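These notes concern the structure reproduced below.
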2 protein chains.
Amino acid sequence: MADLKSTTKPLFLREEDLRQGIELLFYAYRDFTAEPDAILAKWGFGRAHHRVIYFVGRNPNITVTELLEILKITKQSLSRVLGKLIEDEFIHQRADPSDRRRKLLTLTDKGQELERELTTTQMARFARAYRETDAEAVEGFRRVLAGIINPEDRARVRPRQRPGSGRG
Amino acid sequence: MADLKSTTKPLFLREEDLRQGIELLFYAYRDFTAEPDAILAKWGFGRAHHRVIYFVGRNPNITVTELLEILKITKQSLSRVLGKLIEDEFIHQRADPSDRRRKLLTLTDKGQELERELTTTQMARFARAYRETDAEAVEGFRRVLAGIINPEDRARVRPRQRPGSGRG
DNA sequence: GATTTAAGGTCAGCCATGTTGACTTAATTA
DNA sequence: TAATTAAGTCAACATGGCTGACCTTAAATC
């Protein structure tokens with residue numbers, strides 16, 4: 001743990017350091033998804049359902065098109081998953097009054113409950129990781145990961161302040 | 001970008017901050033895998049092949065069992081992917097002289113070439129992200145992501161110094 | 001008002017990649 | 001010699017991506 005780390009200030013980009021980033025991301029994502037996967041399996045859902053539940057919960061009244069932009073999958077792929085969530089009453093849809101072609105998606109009570117169960121495990125993981133470090137490390141984590149995201153989507157990830165502010 | 005960030009030192013774990021972590025990880029992983037996926041498609045390979053190529057390249061002479069421990073998938077899942085990579089001569093296997101049940105896996109020249117092409121895109125992404133920040137941010141990123149990984153696997157991700165040191 | 005565009009949905013089929021379960025072979029170890 | 005370990009195999013199944021074609025409804029535009 002105290003190898004080249006002590007050469008703090010100057011930022012040498014050794015291949016080793018870059019590969020370490022790649023591997024951290026791989027392992028973190030692998031473990032980060034494992035617990036929710038187990039919960040989802042109890043309901044006959046998969047990881048794709050989780051993503052839909054998460055982002056609908058996070059962006060109440062999101063439309064299908066907006067959801068597709070976040071997930072970057074095809075309409076057909078989404079519809080299979082979303083259709084099942086609506087059928088099983090985890091997600092509710094209603095027409096947008098101002099443009100009745102659009103369907104606004106929200107979580108039902110049941111959906112919120114599942115969302116919370118799933119997200120709790122992932123938040124606990126982050127809470128632990130944050131607590132093991134400090135505020136500066138967390139800020140560094142944010143800035144580096146934001147830099148990994150394609151520039152056009154970085155704005156999607158910013159802590160929202162006011163309740164009921166909806167999506168960006 | 002300068003919201004609650006200025007409350008630097010004390011580490012309040014607001015749900016917003018935890019959800020931001022979740023979302024950063026989702027978007028980062030989504031974009032991080034997109035470029036390699038496109039390269040792999042040209043060869044008729046998928047993301048699973050990439051992971052095998054990457055970790056064999058990273059750990060020359062790794063065994064099948066060790067690879068399974070890293071990937072956390074079943075032997076049957078791996079064998080389909082690994083079998084194709086061996087058949088197409090991206091990966092070479094030979095018996096371990098000291099225990100001939102074990103097969104030691106290495107990249108062929110062709111395999112190394114593909115590995116480099118794939119990894120270059122991901123290293124470039126990290127190089128950009130690292131350069132956009134500073135050494136402290138990078139260190140924070142490392143520590144937080146390491147905290148997301150299950151404790152028993154954290155040791156896997158540490159920059160290796162000496163060439164030919166093999167896996168841990 | 002008629003046409004074009006946008007949002008959403010649907011059907012069919014394909015492919016990649018995960019799973020379980022059962023079983024085999026070869027080599028090492030107890 | 002018997003048990004264990006490493007690897008491989010066959011079959012069947014589920015999830016969740018994809019393409020392509022096509023439809024409906026509502027809004028926007030000509």
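A note on names: the letters A, B, ... follow the listed sequences, proteins ahead of strands, and every chain is numbered from 1. Small disclaimer: the values here were computed from a predicted structure and weren't measured.
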Nearest to the side chain of B:Thr63 - D:dG16, D:dA7, D:dC10?
-> D:dA7
Within this structure, what is the NE2-to-C1' distance between A:His50 and D:dG16, rounded to whole angstrom?
-> 16 Å
note: B:Leu71, atom CG; C:dG18, atom P; distance rounded to Å ~ 8 Å
Identify which nucleotide among D:dC18, C:dT17, D:dG16 has an atom closest to any side-chain atom of B:Arg51, counting heavy atoms from C-beta outward.
-> C:dT17
Heavy-atom neighbours of A:Glu89 CD exceed 12 at 6.0 Å | no
Polar atoms only, N or O, under 3.5 Å: list the protein pairs with nucleotides 24-27 of chain D and their distances.
residue : atom : partner  : partner atom : Å
D:dA26  : OP1  : A:Arg100 : NH2          : 3.2
D:dA27  : OP1  : A:Arg100 : N            : 3.0

Between D:dG16 (P) and A:Lys84 (NZ): distance, integer Å = 8 Å
A:Gln76 CD to D:dG16 C1': how many Å, rounded?
-> 13 Å
Determine whether the aromatic ring centres of B:Phe55 and A:Phe26 lie less than 6.0 Å apart.
-> yes
Just checking, is any N or O donor in the side chain of A:Asn59 or A:Arg156 under 3.5 Å from an acceptor N or O on the other one?
-> no
Could you pick out which residue, A:Val81 or B:Ser79, lies toward the 5' side of DNA chain D when each is mapped onto its nearest nucleotide?
-> B:Ser79
Which whole-number value in Å describes the distance from B:Ile86 CD1 to D:dT9 C1'?
-> 14 Å
Residues B:Glu23, B:Arg19: salt bridge by 4.0 Å N-O rule | no
May I ask you to evaluate whether B:Thr74 reaches the phosphate of C:dT19, defined as a side-chain N or O under 4.0 Å from OP1 or OP2?
-> yes
Per A:Val64 side chain, nearest of listed nucleotides C:dG8, D:dC18, C:dT19 | C:dG8
Rounded to whole angstrom units, what separation is found between the CD atom of A:Glu87 and the P atom of C:dG9?
-> 14 Å
Value rounded to 0.5 Å, distance of CZ in B:Arg47 from CG in B:Leu40 | 9.5 Å
Just compare C:dT17, D:dA6, D:dG17 and give me whichever is closest to any side-chain atom of A:Arg80.
-> D:dG17
Report the residue (A:Gly44 or A:Lys72) whose heavy-atom-nearest nucleotide on DNA chain D is the more 5′ of the two.
-> A:Gly44
For C:dA16, does OP1 or OP2 lie under 4.0 Å from any side-chain N or O of B:His49?
-> no
Any B:Gln93 side-chain N or O less than 4.0 Å from OP1/OP2 of D:dG8 | yes
Would A:Arg94 and A:Asn61 count as having a side-chain donor-acceptor pair, cut-off 3.5 Å?
-> yes
Rounded interatomic separation in angstrom, taking NZ from B:Lys103 and C1' from C:dA26 = 9 Å
Do the side-chain N or O atoms of A:Ser77 get closer than 4.0 angstrom to the phosphate oxygens (OP1, OP2) of D:dG16?
-> no
Separation of C:dA22 atom C1' from B:Lys75 atom NZ, nearest Å, is 11 Å
Do we see a donor-acceptor contact under 3.5 Å between the side chains of B:Thr63 and B:Glu66?
-> yes
Please report the C-alpha distance between A:Glu113 and A:Phe90 in whole Å, then the side-chain angles of each, then the deciding distance to 0.1 Å, and finally whether the side-chain contact (heavy atoms from CB on, under 4.5 Å) criterion is met.
-> CA-CA 9 Å; A:Glu113 214 178 295; A:Phe90 287 86; over 6 Å; no
